[in-house]
Amino acid sequence: MKIKLVIVLSLFSICLFAQNKTPEQFGFRLIKTIYKGDSVDVLIQSKKGDEQRIKPLLLFCQGNLPIPLIKTVYNNLYPVFPFQTDSLLKEHHIAIIGKPYIPLIVPADELGENFTYIEKNTNKAPLSFFKRNYLDYYVNRNIAVINHLQSFNYIAKEKLIVAGHLQGYTIAAKMASISPKITHLMITSGNPLGQITSMLAEFRKAEKTGDSTNYGEELMDYWQSVVSSNENEDATYGDTYKSIYDFSTPAIQYLEKLKIPVFICYGTKDVNTPYNDYLRIEILRQKKENFTFKTYLSREHNFFGLNEKGEINYDDAGWDKVANDWRSWLLKNR
């Protein structure tokens with residue numbers, strides 16, 4: 001009995017230790033600020049010993065899910081960034097901004113599918129998150145955060161890199177079209193023709209020969225409703241019409257205007273590949289020389305490889321290769 005009690009108390013102590021951890025103990029600086037009355041959490045990672053060394057900021061805009069930035073498991077944590085940051089930290093401080101009204105630190109075993117934060121009483125993310133989960137909120141909030149961070153003496157003023165993945169692709173693209181402070185843009189796996197076309201591609205893929213269900217037409221009817229009420233912020237069922245409408249605005253209109261260096265990369269097995277191929281064709285047609293495209297053969301949208309059955313092989317990760325390619329491109333485009 002004493003042995004069992006000691007084991008239980010030890011496990012409790014480990015879990016309590018993990019829950020009481022701070023971002024600083026995991027190697028991050030936590031910057032808290034306010035945007036339109038909302039609390040904003042920003043994590044900054046720096047190379048050890050270079051915390052006060054003046055370097056450019058690299059802001060990473062993550063995807064669309066309501067995932068806490070720090071997900072603990074005992075006294076460790078799951079990666080905050082999808083890539084190893086070591087190579088990029090040589091020349092940069094790297095920042096990431098938390099999702100609105102999503103806690104900063106949550107034990108991984110308390111999270112839902114794909115590490116999403118869900119409230120126990122509703123079994124979904126907070127309504128306050130969904131009401132802010134639209135394009136211009138993120139764009140304007142992120143630009144306000146950049147302005148705040150550049151007031152710190154260790155953040156260089158002459159260079160600013162913004163990167164974005166999936167939903168962050170569109171956010172970063174619009175940010176770059178608005179803020180003259182952004183000097184370099186790196187985006188991955190998003191859809192330059194908008195979210196609704198990605199949804200339609202998935203629906204068409206689900207249609208089977210002999211099945212009378214026309215998923216595509218059902219989505220078109222839904223889209224008609226979204227367009228008719230594109231300012232609707234009712235979050236009762238999750239993403240609002242406003243969110244779907246905003247993120248369905250084609251990012252190509254922001255990208256075509258840019259004169260700064262732009263790096264776009266994507267896996268060739270991603271559902272958004274045809275749309276990025278189209279963007280590439282248009283950029284070549286317009287003879288724009290500030291764009292670089294990089295494809296990753298037989299990789300899906302998170303750069304995992306696929307097995308013989310076309311299923312994701314989680315043992316074949318590719319994000320670190322992407323991060324190294326980012327660094328090489330940045331060194332060539334100083």
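This is a predicted model, so every value here is computed, not measured.
Judged purely by distance below 3.5 Å, without hydrogens or angles, the side chains of Q195 and S198 never pair a donor atom with an acceptor atom. A donor and an acceptor atom, one from each side chain of R299 and T268, are nowhere located under 3.5 Å apart. For the residue pair N133/T240, the side-chain donor-acceptor check at 3.5 Å is not satisfied. Side-chain polar atoms of Y296 and D325 form a donor-acceptor pair below 3.5 angstrom. Looking at Y101 and D38, their side chains do bring a donor and an acceptor atom within 3.5 Å of each other. Using modelled atom types and a 3.5 Å distance limit, the side chains of T85 and Q45 yield a donor-acceptor pair. Residues T236 and D234 bring a donor and an acceptor atom of their side chains to less than 3.5 Å of each other. Residues K36 and N140 have side chains that never bring a donor and an acceptor to within less than 3.5 angstrom of each other.
In this structure, K99 satisfies the cation-pi test against Y138, with its NZ or CZ atom closer than 6.0 Å to the six-membered ring centre and inside 45 degrees of the ring normal.
Using a 4.5 Å cut-off between side-chain heavy atoms of Ile, Leu, Val, Met, Phe, Trp and Tyr, with links allowed through other members, L104 and V80 fall into the same hydrophobic cluster. Side-chain heavy atoms closer than 4.5 Å link hydrophobic residues (I, L, V, M, F, W, Y) into clusters, and following such links, possibly through other members, connects V40 to L149. Taken together through direct or relayed side-chain contacts under 4.5 Å among Ile, Leu, Val, Met, Phe, Trp and Tyr, W223 and L135 form parts of separate hydrophobic clusters. Linking ILVMFWY residues whenever their side-chain heavy atoms come closer than 4.5 Å, directly or via other members, leaves L65 and I312 in distinct clusters. Hydrophobic clustering of Ile, Leu, Val, Met, Phe, Trp and Tyr side chains at less than 4.5 Å, counting indirect connections, unites L89 with W329.
Checked by atom type and distance alone, the side chain of S229 never pairs as donor or acceptor with a backbone atom of V226 at under 3.5 Å. Not a single donor-acceptor pair under 3.5 Å links the side chain of S243 to the backbone N or O of D239. Although no hydrogens or angles enter the test, the distance criterion places no donor-acceptor pair under 3.5 Å between the side chain of S151 and the main chain of N147. Using a distance-only test at 3.5 Å, with no hydrogens or angles considered, a donor-acceptor pair links the side chain of T122 to the main chain of K124. Here the side chain of N191 pairs no donor or acceptor atom with the backbone of Y275 at under 3.5 angstrom. In this structure a side-chain-to-backbone donor-acceptor pair under 3.5 Å is present from T273 to D270. Judged purely by atom type and a 3.5 angstrom limit, E119 has no side-chain atom pairing as donor or acceptor with the backbone of N123.
Here the CG-CG distance, from L166 to N272, works out to 7.5 Å after rounding to the nearest 0.5 Å.
Shortest non-hydrogen contact noted between Y215 and A206 is CE1-O, 3.7 Å. Taking both residues in full, the closest heavy atoms of A172 and I187 are given as CB-CG2, 3.9 Å, listed atom of the first, atom of the second, then distance. In plain terms, the two heavy atoms of C61 and N142 that are nearest each other are SG-ND2, 3.7 Å. Nearest approach of E158 to T183, heavy atoms of both residues: O-CG2, 3.7 Å. Scanning all heavy atoms of the two residues, the minimum distance from P56 to E91 falls at CD-O, 3.2 Å.
Annotation: side chain of C265 is in contact with side chain of V322 (closest heavy-atom distance under 4.5 Å). Contact check for L193 versus Y278: side-chain heavy atoms found under the 4.5 Å cut-off. Contact annotation: the side chain of Y254 never approaches that of I178 to less than 4.5 Å [non-hydrogen atoms, C-beta and beyond].
Proximity of the aromatic rings of F247 and Y134 is defined here by a centroid distance below 6.0 angstrom, and this criterion is not met. In summary, the aromatic rings of F291 and F263 are positioned with their centroids too far apart to meet the 6.0 Å limit. Annotation: Y154 is in aromatic contact with H93 [ring centroid separation under 6.0 Å]. Aromatic pair H184/W326: ring centres not closer than 6.0 Å.
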Open item on the list: Apply ring pair (Phe, Tyr, Trp, His ring centres under 6.0 Å) to residues F83 and F303 and explain how you reach the verdict.
Closed with: CA-CA 10 Å; F83 47 85; F303 302 105; over 10 Å; no
TODO: Could you please spell out the steps behind the side-chain hydrogen bond (donor to acceptor under 3.5 Å, both in side chains) verdict for D277 and Y266?
DONE: CA-CA 10 Å; D277 285 342; Y266 50 97; 2.6 Å; yes
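Remark: K269 does not engage E300 in a salt bridge, criterion side-chain N to carboxylate O under 4.0 Å. Salt bridge K90/D50: absent, no basic N to carboxylate O contact under 4.0 Å. Between E202 and K205 there is no salt bridge, since no side-chain nitrogen of the basic residue lies less than 4.0 Å from a carboxylate oxygen of the acidic one.
Few gaps surround NZ on K32; more than 12 heavy atoms of other groups in view lie less than 6.0 Å from it.
F115 and Y78 have tilted rings, their planes meeting at an angle from 30° to 60° on a 0 to 90° scale. The aromatic rings of F81 and F28 sit tilted, their planes meeting at an angle between 30° and 60°.
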